[in-house]
Amino acid sequence: MKNIFQTPKSTPKRLVSLAMLIALAFIVGKFSIPIIPQQLVVSLTFIVNTIIGMIAGPIWGFISLAILDVVDNLSSGEGNFIIWWTLMEAVQGFFYGFFFYGRELRWSSKKDWLHVTIATLITMLIGTFIFTPLLIQIYFGVPFWAQYAAGRWLKIFEIPLRIIITMLVVPRLQRIPELRKLANL
């Protein structure tokens, strides 16, 4: 059985790669598309988060996405820093690391498709469908049911897109020799 606290050695190359990926996730996050303002936003940041998890493992994925959330929040200038959102992002980083570190994906493998589907469902269930609406209800007073009535349920259509995009991008990236070393493949 895989050790969930499996942590890769923190070499300068790995740390610089993580810093660059955090910066890339920050930039990609700025190009998100708000469907319903402050409730339903579509972004490709998940693919960068997957790569962070792939080379960082669960613990460094947790730390990396927490840093990303803090930097993103501080740079926004809105002053709405809420530690629970940072913790939620960090937990998602843990799951990206848990599911993708040391795991080689192949387009032709049904087992890999199932693996990515489970990873996507768990990550989105935690972040998108449970904790984000809960935190919005707690901090902004928008009832849980009202968020779903207003369109949060539309995020279910994002699940197959995330799975397909992950399976299109990650196996090709895993062919890069330097990335293979960082990802422990």
Side-chain angles (χ1 to χ4, degrees), residues 1-11 13-33 35 40-66 68 88-132 152-185:
M1 178 158 186
K2 182 177 168 181
N3 180 2
I4 64 169
F5 297 109
Q6 182 179 5
T7 304
K9 187 176 179 185
S10 55
T11 62
K13 185 183 287 188
R14 185 177 315 278
L15 294 176
V16 168
S17 298
L18 287 174
M20 288 175 22
L21 285 168
I22 289 169
L24 181 61
F26 176 76
I27 292 167
V28 170
K30 297 301 177 195
F31 293 103
S32 59
I33 301 165
I35 307 296
L40 185 60
V41 178
V42 176
S43 174
L44 291 176
T45 309
F46 75 91
I47 199 67
V48 183
N49 294 346
T50 301
I51 297 166
I52 288 172
M54 189 173 72
I55 70 166
I59 303 302
W60 283 106
F62 181 94
I63 294 167
S64 297
L65 287 185
L68 172 61
M88 180 189 67
E89 289 293 328
V91 168
Q92 286 182 319
F94 175 85
F95 280 109
Y96 281 118
F98 176 75
F99 283 111
F100 294 106
Y101 178 69
R103 174 76 182 211
E104 187 170 5
L105 299 176
R106 291 174 313 283
W107 175 268
S108 60
S109 171
K110 290 179 184 177
K111 190 176 178 183
D112 290 344
W113 278 90
L114 179 63
H115 182 81
V116 170
T117 300
I118 291 169
T120 302
L121 287 172
I122 289 173
T123 305
M124 285 191 72
L125 181 67
I126 289 168
T128 305
F129 296 114
I130 296 175
F131 289 109
T132 296
R152 179 159 293 281
W153 64 273
L154 293 170
K155 291 289 257 185
I156 61 171
F157 297 110
E158 190 178 321
I159 294 170
L161 289 174
R162 282 188 178 205
I163 294 167
I164 291 168
I165 291 170
T166 300
M167 288 303 288
L168 278 171
V169 173
V170 173
R172 284 163 181 76
L173 288 175
Q174 288 180 339
R175 293 181 191 160
I176 300 170
E178 287 301 314
L179 191 65
R180 290 183 66 79
K181 289 179 194 172
L182 287 172
N184 198 27
L185 299 175

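Remark: Arg180 engages Glu104 in a side chain to side chain donor-acceptor pair (under 3.5 Å) (not counting sequence neighbours). Applying the ring pair (Phe, Tyr, Trp, His ring centres under 6.0 Å) test to Trp113 and every residue at least two apart in sequence or in another chain returns Trp107. For Thr120, there are no side chain to side chain donor-acceptor pair (under 3.5 Å) partners at least two apart in sequence or on another chain. By the salt bridge (Lys or Arg N to Asp or Glu O under 4.0 Å) test, Arg172 is found to be paired with no residue, residues two or more places apart in sequence or in another chain being considered. In this structure, the side chain to side chain donor-acceptor pair (under 3.5 Å) partners of Arg162, at least two apart in sequence or on a different chain, are Glu158.
Within the structure, the salt bridge (charged side-chain N to carboxylate O under 4.0 Å, His left out) test picks out no pair touching residues 113-129 (sequence neighbours left out).
Considering all non-hydrogen atoms of both residues, Glu89 and Leu65 come closest at O-CB, 3.4 Å. Across Phe157 and Pro160, no two heavy atoms sit closer than the pair O-CD, 3.5 Å.
Counting only heavy atoms from C-beta outward, the side chains of Phe99 and Ile118 approach each other to under 4.5 Å. No side-chain heavy atom of Asn184 sits under 4.5 Å from any side-chain heavy atom of Pro8. At least one side-chain heavy atom of Leu21 sits under 4.5 Å from a side-chain heavy atom of Ile55.
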Using the rule given for side chain to side chain contact (heavy atoms under 4.5 Å, CB included), can you reason through Ile52 versus Phe100, listing the C-alpha separation, both sets of side-chain angles and the distance that settles it, and then say yes or no?
CA-CA 9 Å; Ile52 288 172; Phe100 294 106; over 6 Å; no

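Ring planes of Phe98 and Phe95: perpendicular class, angle over 60° (limits at 30 and 60°).
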